[in-house]
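Below: the structure, in structure tokens.
Computed over heavy atoms, backbone and side chain alike; hydrogens, waters and symmetry mates excluded.
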Amino acid sequence: MTQNSPLLVLPPSLSRTVAALPNKDRSRLDDTITRLHTVNGRLWDTEDRVRGALLSAAQVADCKREIDQLNAERNLLAERADEVLGSLADAGRADAPLHTETLASVVDRLSVLTLRTWHSERAAARGELARRRVPVLHGQREELCAALDALVSDVVAGRRRLPVPARFKLYGRDDAAPAEIKPSRRLRRVLAFGGLSECGKSTSAEFVQRTCGAQRFKIGFLLRQAAHREGLADPYALSPRRQAELLLGELNRFADAHIDTELFTIESVHDDASIAELKRLMGDALQIVYLDASFALRVERSGTPAQAVAAKDEIKMSRGAHQVAALADHVIDNTGSIAALRARLRRIAAPPAPTALRAATPYGLGLPAAVASATADFTDAVRAYGPGVRLAALTGSPGEGNWIAGWSDLDLLVIAEHEAIGRVHEALEQYRTALGGAASLGPTLVTPGELTARRLTPRLAFVLHQLQQGSPVLHAAPSLELPTISRGELAFAAVRELPQVILTMRRLRADAGPTALRQLYKHLVLACRLLLREHNQWESGPDRILAAASRMPGLTALATPSLAEISSAWRDGEAELVLKPVTVAVDQLLTWYAAQLAA
């Protein structure tokens, strides 16, 4: 109920009996009775509205529809209350006299009588008839409370039986009871942005749309669409519950028609009552995000006079916009940097999850004994640093099982808190020293915050995906949380990374001497791997990647020597023997690529 509405106080015997219920049942009953009383209050207000001021025919029709919807909800809530209250009865007395109505029906009558008394007290100052009614109504309430307490005692003792609670109210429907609308199984996640004027709602929703592929909606648009679909003149005149049902219905409809969309945003949340009802319907699938900032800062950001911002705030607050903060799953203080805001939004839109990783020792990665020993020492060192170092893994060829001494690098990923990076540097120096000239070390150091905020390069995203697909790690802290990287994300990342790879490959081709062989070949393989991702093909190992790329539409087969032949020639100082076929393949790919993008 609102602050200007009466509370429903249950009689003492019923209150004591309810208090003795198990916590889950008591909580469910408290919530149901509170909602029942709220619905009765809205029914009263709607019936007053349709009888009061001059309304258009369309507005009267809206009110009548709302009354039907509220009555359907009222009966559904009463049935739910009886599911709990019915458990109070002594099941052993089948011969006990039958009472004429259920306990929830009496509670419903008590709710209506409470509202009638409250409204009569308010009207007493304006008329003698209302003043004479008030004492009578108080007497009726006392009698009803006493009768309800006596009924509860008789039911618990088995002296009375209760009728079957099903009401079977139709309200114009063909089915026996109103079905509660539920989120579609394809409506996976919705972010609802709320806050006062100029707090960053639209900017935040736009960022989530651009970076996370969310489908963005305005709440007003969804309500207007639903109203048009159901023949309603003014959806804002409906109850908060009905508005929430209309919103959910439109979201369901879109999600069912666009099955690849996994994230939706809605804005701006200005009505705390309707968003609270939508949260009840959707549960954790709806995440309410409230953005907060000082008035002075919001005025500065708006570029308009303070009076204009204050006027907009007043309108929003009259609808309950400021009270959304108390309902929010996430309250963001939007007075800091854009980087901090965007990091928080990425964590909310795509929360990290505990990741099951496959651990392996360096000796199980096919590394030479000296390299494996140096790697084991490094792993022991960072593991000893405790929770500051969250993960260490050799990526690329060691994880894929095709590392070649004298040719392959040791690409190392370390996830560590910023405060631990200095100690990681010391361990890396010892690692390089222990390796000597046996391998070239290429470390990537990243903090957990950067990962969960998804500040990722395309290559780092691919490495995380490989780890989640089973590539081994050397060390992982318990309950490590990593962002989940989908194949779809990697396909888009390939589009972003490929231009730089092509430019680098052209630069290397311009100086295609024997010393450039290794880098030229690796960029050829990388470019083909990225192109294959765009075609939803996922190959590992240079030989398989080049063979698969040769089958892309319009590309002449890339006739390169095998990786074993190229790496052997490189180690033996005979790079010029394999340089020509590699440069020919590079030229073929660059020519094909240019043709694909020609206007």
Nearest 0.5 angstrom please: [X] [atom1] to [Y] [atom2], how far?
X	Y	atom1	atom2	answer
R28	N23	CZ	CG	15.0 Å
I33	R80	CD1	CZ	13.5 Å
C199	R301	SG	CZ	8.5 Å
D68	L43	CG	CG	9.5 Å

Got a sec, which pairs hit ring-ring contact (aromatic ring centres under 6.0 Å, His included) with one end in residues 319-351, sequence neighbours left out? none
May I have all residue pairs that pass ring-ring contact (aromatic ring centres under 6.0 Å, His included) and include part of residues 236-261, sequence neighbours excluded? F217-F254, F254-H258, F254-F264
State which residues pass side-chain hydrogen bond (donor to acceptor under 3.5 Å, both in side chains) with [X]; sequence neighbours excluded, sorted by chain then number.
X	value
K218	E267
E277	R241, R280
R454	E489
R133	none

Is it the case that atom CD in E101 sees more than 12 heavy atoms from other parts of the structure closer than 6.0 Å? yes
For the student: nearest non-hydrogen atoms of [X] and [Y], plus distance:
X	Y	value
L263	A349	CD2-CB, 3.9 Å
L115	G41	CD1-N, 3.6 Å
P6	H37	O-NE2, 3.0 Å

Summary of salt bridge (charged side-chain N to carboxylate O under 4.0 Å, His left out) pairs that have at least one residue in residues 325-341, sequence neighbours excluded: K279-D329
By the salt bridge (charged side-chain N to carboxylate O under 4.0 Å, His left out) test, which pairs, at least two apart or in different chains, include something from residues 193-208? E198-K312
Suppose we screen for side-chain contact (heavy atoms from CB on, under 4.5 Å). Which residues come up paired with [X], at least two apart in sequence or across chains?
X	answer
I259	R186
P12	R16, D149
R342	F207, R210, I338, R455

Answer yes if the side chains of R216 and T265 hold a donor-acceptor pair under 3.5 Å, and no otherwise. no
So do the side chains of T102 and L85 get within less than 4.5 Å of each other, counting heavy atoms only? no
Just to verify, what does H270 make a ring-ring contact (aromatic ring centres under 6.0 Å, His included) with, not counting sequence neighbours? none
Within the side chain of R26, is there an N or O that forms a donor-acceptor pair under 3.5 Å with the backbone of L21? yes
Would you check, one step at a time, whether the test salt bridge (charged side-chain N to carboxylate O under 4.0 Å, His left out) holds for R229 with E250? CA-CA 10 Å; R229 198 182 308 280; E250 289 302 303; 3.0 Å; yes
